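Model, not experiment: these values are computed from the prediction.
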Amino acid sequence: VQLQASGGGLVQAGGSLRLSCLASGSIFSIDAMEWHRQAPGKERELLAAITRDGSTNYADSVKGRFTASRDNVKNTVYLQMNSLKPEDTAVYYCNLDITFYTGTYLLTGNYWGQGTQVTVSS
């Protein structure tokens, strides 16, 4: 299983970006998913989580501005980011629990994307 994150870039304050995280491999299902970010000199921050049962939670810092979603057919998860602020500048990471085929049975593992840089200018 591999994850490929994309969609980061440079945007002005107030703008929007949509991050994608594509999972590839012998995937049976994407279970829980999370988006995190890490700004320089700061600890990694959990932004959004969608649990196996579909419950969604957001950090207060992004609530009302960011929306996490998933496309089970495309094995892709998304983070729509609106009303971006300079303090949103960070490297953004997806983290997925994925059930995959081994050829004989199913296993579930936790995987991180490689990170995508988001820079918001004032």
Side-chain angles (χ1 to χ4, degrees):
V1 174
Q2 291 186 328
L3 302 186
Q4 179 66 47
S6 61
L10 174 63
V11 64
Q12 288 188 333
S16 299
L17 285 173
R18 188 177 79 157
L19 305 183
S20 300
C21 183
L22 168 66
S24 60
S26 300
I27 295 169
F28 176 78
S29 64
I30 296 176
D31 306 321
M33 55 166 283
E34 297 176 345
W35 284 97
H36 299 245
R37 69 185 178 191
Q38 188 165 20
K42 295 187 177 181
E43 294 188 352
R44 191 168 293 191
E45 175 188 13
L46 173 61
L47 302 177
I50 300 181
T51 62
R52 179 188 290 269
D53 64 3
S55 301
T56 306
N57 294 285
Y58 295 94
D60 288 342
S61 58
V62 304
K63 196 173 295 182
R65 300 189 298 124
F66 290 10
T67 303
S69 62
R70 60 200 290 171
D71 185 328
N72 291 328
V73 173
K74 296 182 179 179
N75 286 332
T76 302
V77 300
Y78 303 97
L79 185 67
Q80 177 67 44
M81 305 186 296
N82 299 327
S83 302
L84 283 162
K85 306 174 182 180
E87 52 263 43
D88 294 319
T89 295
V91 178
Y92 285 69
Y93 299 89
C94 55
N95 179 257
L96 308 182
D97 287 340
I98 296 175
T99 298
F100 58 95
Y101 300 97
T102 68
T104 304
Y105 44 82
L106 298 176
L107 284 178
T108 299
N110 182 262
Y111 299 89
W112 286 90
Q114 85 280 12
T116 184
Q117 176 70 46
V118 172
T119 303
V120 184
S121 62
S122 56

Quick check for you: to the nearest 0.5 Å, what is the distance between [X] atom [atom1] and [Y] atom [atom2]?
{"X": "Asn95", "Y": "Asn110", "atom1": "CG", "atom2": "CG", "value": "4.0 Å"}
{"X": "Phe66", "Y": "Leu84", "atom1": "CZ", "atom2": "CG", "value": "5.0 Å"}
{"X": "Leu22", "Y": "Ile27", "atom1": "CG", "atom2": "CD1", "value": "7.5 Å"}

Shared ILVMFWY cluster between [X] and [Y], side chains joined below 4.5 angstrom?
{"X": "Val73", "Y": "Val77", "result": "no"}
{"X": "Leu79", "Y": "Val11", "result": "yes"}
{"X": "Leu96", "Y": "Val91", "result": "no"}
{"X": "Tyr101", "Y": "Ile98", "result": "no"}
{"X": "Val62", "Y": "Leu46", "result": "no"}

What's the shortest heavy-atom distance between [X] and [Y], and which atoms?
{"X": "Gly7", "Y": "Leu17", "answer": "O-CD2, 3.8 Å"}
{"X": "Ser83", "Y": "Ser16", "answer": "N-OG, 4.3 Å"}
{"X": "Ser122", "Y": "Ala13", "answer": "CA-CB, 4.4 Å"}

Is any side-chain heavy atom of [Y] closer than 4.5 Å to one of [X]?
{"X": "Tyr93", "Y": "Leu19", "answer": "no"}
{"X": "Arg65", "Y": "Met81", "answer": "no"}
{"X": "Trp112", "Y": "Leu3", "answer": "no"}

Using side-chain contact (heavy atoms from CB on, under 4.5 Å) as the criterion, list what pairs up with [X], not counting sequence neighbours.
{"X": "Glu87", "result": "Lys85"}
{"X": "Thr56", "result": "Ile50, Tyr58"}
{"X": "Ser55", "result": "Thr51, Asp53"}

Exercise. Pairs in or reaching into residues 12-44: which pass disulfide (SG to SG under 2.5 Å), with residues at least two apart or in two chains?
Worked result: Cys21-Cys94
Problem set entry | disulfide (SG to SG under 2.5 Å) contacts touching residues 40-79 (sequence neighbours left out) | none
For this session: Could you please spell out the steps behind the side chain to side chain contact (heavy atoms under 4.5 Å, CB included) verdict for Gln117 and Thr89?
Result: CA-CA 8 Å; Gln117 176 70 46; Thr89 295; 4.0 Å; yes
For residues 30-37, run the donor-acceptor check on the side chains, cut-off 3.5 Å, and write out each pair with its distance to 0.1 Å, sequence neighbours left out.
{"unit_1": "Asp31", "atom_1": "OD1", "unit_2": "Ser29", "atom_2": "OG", "d": "2.9"}
{"unit_1": "Asp31", "atom_1": "OD2", "unit_2": "Thr99", "atom_2": "OG1", "d": "2.8"}
{"unit_1": "Glu34", "atom_1": "OE1", "unit_2": "His36", "atom_2": "NE2", "d": "2.7"}
{"unit_1": "Trp35", "atom_1": "NE1", "unit_2": "Tyr78", "atom_2": "O", "d": "3.1"}
{"unit_1": "Arg37", "atom_1": "NE", "unit_2": "Glu45", "atom_2": "OE1", "d": "2.9"}
{"unit_1": "Arg37", "atom_1": "NH1", "unit_2": "Asp88", "atom_2": "OD1", "d": "2.8"}
{"unit_1": "Arg37", "atom_1": "NH1", "unit_2": "Tyr92", "atom_2": "OH", "d": "2.9"}
{"unit_1": "Arg37", "atom_1": "NH2", "unit_2": "Glu45", "atom_2": "OE1", "d": "3.4"}

Exercise. Would you find more than 12 non-hydrogen atoms of other residues, nucleotides or ligands less than 6.0 Å from Arg44 atom CZ?
Worked result: yes
